[in-house]
Each structure stands twice: as structure tokens, then as C-alpha cells.
Amino acid sequence: QVQLVESGGGLVQPGGSLRLSCAASGVLFSIYDMDWYRQAPGKQRELVAGITSGGTTNYADSVKGRFTISRDNAKNSVYLQMNSLKPEDTAIYYCNAVWRPSATVYNYWGQGTQVTVSS
């Protein structure tokens, strides 16, 4: 059974930092592309950052220079370091694992972790 478990969310003041973690089990983690998404109240879920199985990263324009995604295949984990947080970063953050070996797509989601940026 595939499980993605996020942790590290919480309440932080503007300008502060948080580090999110996502631990995977039940999958061969190293072959999956890993993404972080977020969903704010009343808004659609959006891609925040991604890292491929080969280590290539990409970021939403809104977080470039502030967020850093990384992975540790030995620990089956992906991380999101979030610095200089803003109130507009408030959302539920979700971990996503994707593998596309062919026309079939294997796609798994975590349950989410709440990040609240407020003074």
C-alpha cells in the first residue's frame, strides 16, 4: 500500500521559515518524480515545486528564490524548505508522487499539512 505522509506544517509569522517533509512508503521512491502542491481556501490546487527522479527542480514563479525542494532517496523522503514566508503562502500543502513508465500514470497524494503565515 502506497503512503505519503507530510509533516512540518504549522503557524509562522511573516518572514519566517518552515521545512515540510514527505515520507513515502510502498513505492520504489527513487523512480518517482515528486511535487509539492498547495491549496488555499477558495482557490484551486497549484503546483509549488517539483523535483524529478534525476534531481531536476522547478518552481512556481511565486516561490522562486524563497522555497527549495530536495529529496533523499535513502530516506524515501522529499522536503520543501520555505523561507521568507508571506501571508499568501497560507494553504494546505500536499505531497505528490508521479511515475510515467508508459501510457499508464502512477499518481499518489498525501493527506496534506496546514501552513499558516500570520502575525
Donor-acceptor pair, distance only, cut-off 3.5 Å: does the side chain of S118 make one with the backbone of T116? no

Check for me, please, whether V98 and L4 land in the same ILVMFWY cluster - side-chain distances under 4.5 Å, paths through other members count. no

Drop me the distance from S62's OG to K86's NZ, to the nearest 0.5 angstrom. 8.0 Å

Find out whether L47 and D35 are in side-chain contact, i.e. whether some heavy atom of one side chain is under 4.5 Å from a heavy atom of the other. yes

Please report the closest heavy-atom contact between Q39 and K43, naming both atoms and the distance. NE2-O, 3.1 Å

Between M34 and Y94, is there shared hydrophobic-cluster membership here, with clusters defined by ILVMFWY side-chain heavy atoms closer than 4.5 Å? no

Given 3.5 Å as the limit, does a donor-acceptor pair link the side chain of R66 with the main chain of S84, or not? yes

Cluster check Y93, Y59: I/L/V/M/F/W/Y, side chain < 4.5 angstrom: yes

Using a 3.5 Å distance criterion without hydrogens, assess whether the side chain of D33 forms a donor-acceptor pair with backbone atoms of S53. yes

Going from CG on N96 to CG on N107, what distance comes out if it is rounded to the nearest 0.5 angstrom? 4.5 Å

Test of understanding: with ring pair (Phe, Tyr, Trp, His ring centres under 6.0 Å), list the residues that count as partners of Y106, not counting sequence neighbours. W99

Less than 4.5 Å apart, side chain to side chain, heavy atoms only: is that true for L20 and T113? yes

Any side-chain heavy-atom pair from M82 and S17 closer than 4.5 angstrom? no

Examine R19 relative to Y79 and say whether NZ or CZ is less than 6.0 Å from the centre of the six-membered ring and inside a 45° cone about the ring axis. yes

Beyond-backbone contact of S77 with S21, side-chain heavy atoms, under 4.5 angstrom: no

Using the rule that two of Ile, Leu, Val, Met, Phe, Trp, Tyr join whenever any of their side-chain heavy atoms come within less than 4.5 Å, decide whether V78 and L28 are in one cluster. yes

For the atom pair OG1 (T57) and CZ (R71), what is the distance rounded to the nearest 0.5 Å? 11.5 Å

Under 6.0 Å from the six-membered ring centre of Y32 and within 45° of its axis: does the NZ or CZ of R100 meet both? no

Give a yes or no answer on whether the side chain of E6 reaches the backbone of Q111 with a donor-acceptor pair at less than 3.5 Å. yes

So, do E46 and R38 sit near enough that their side-chain heavy atoms are less than 4.5 Å apart? yes

Quick check: do Q114 and T90 have side-chain heavy atoms less than 4.5 Å from each other? yes

Listed partners of Y37 passing ring pair (Phe, Tyr, Trp, His ring centres under 6.0 Å), at least two apart: W109

CD/E88: more than 12 non-hydrogen atoms of other groups inside 6.0 Å: yes

According to disulfide (SG to SG under 2.5 Å), does anything in residues 73-119 pair up with another residue at least two apart or in another chain? List the pairs. C22-C95

Shortest non-hydrogen contact from V27 to Y108? CG1-CE1, 4.2 Å

If you measure from CG on N58 to CD1 on I69, what distance do you get to the nearest 0.5 Å? 7.5 Å

With the 4.5 Å side-chain cut-off for hydrophobic clustering, are W36 and V12 part of the same group? yes

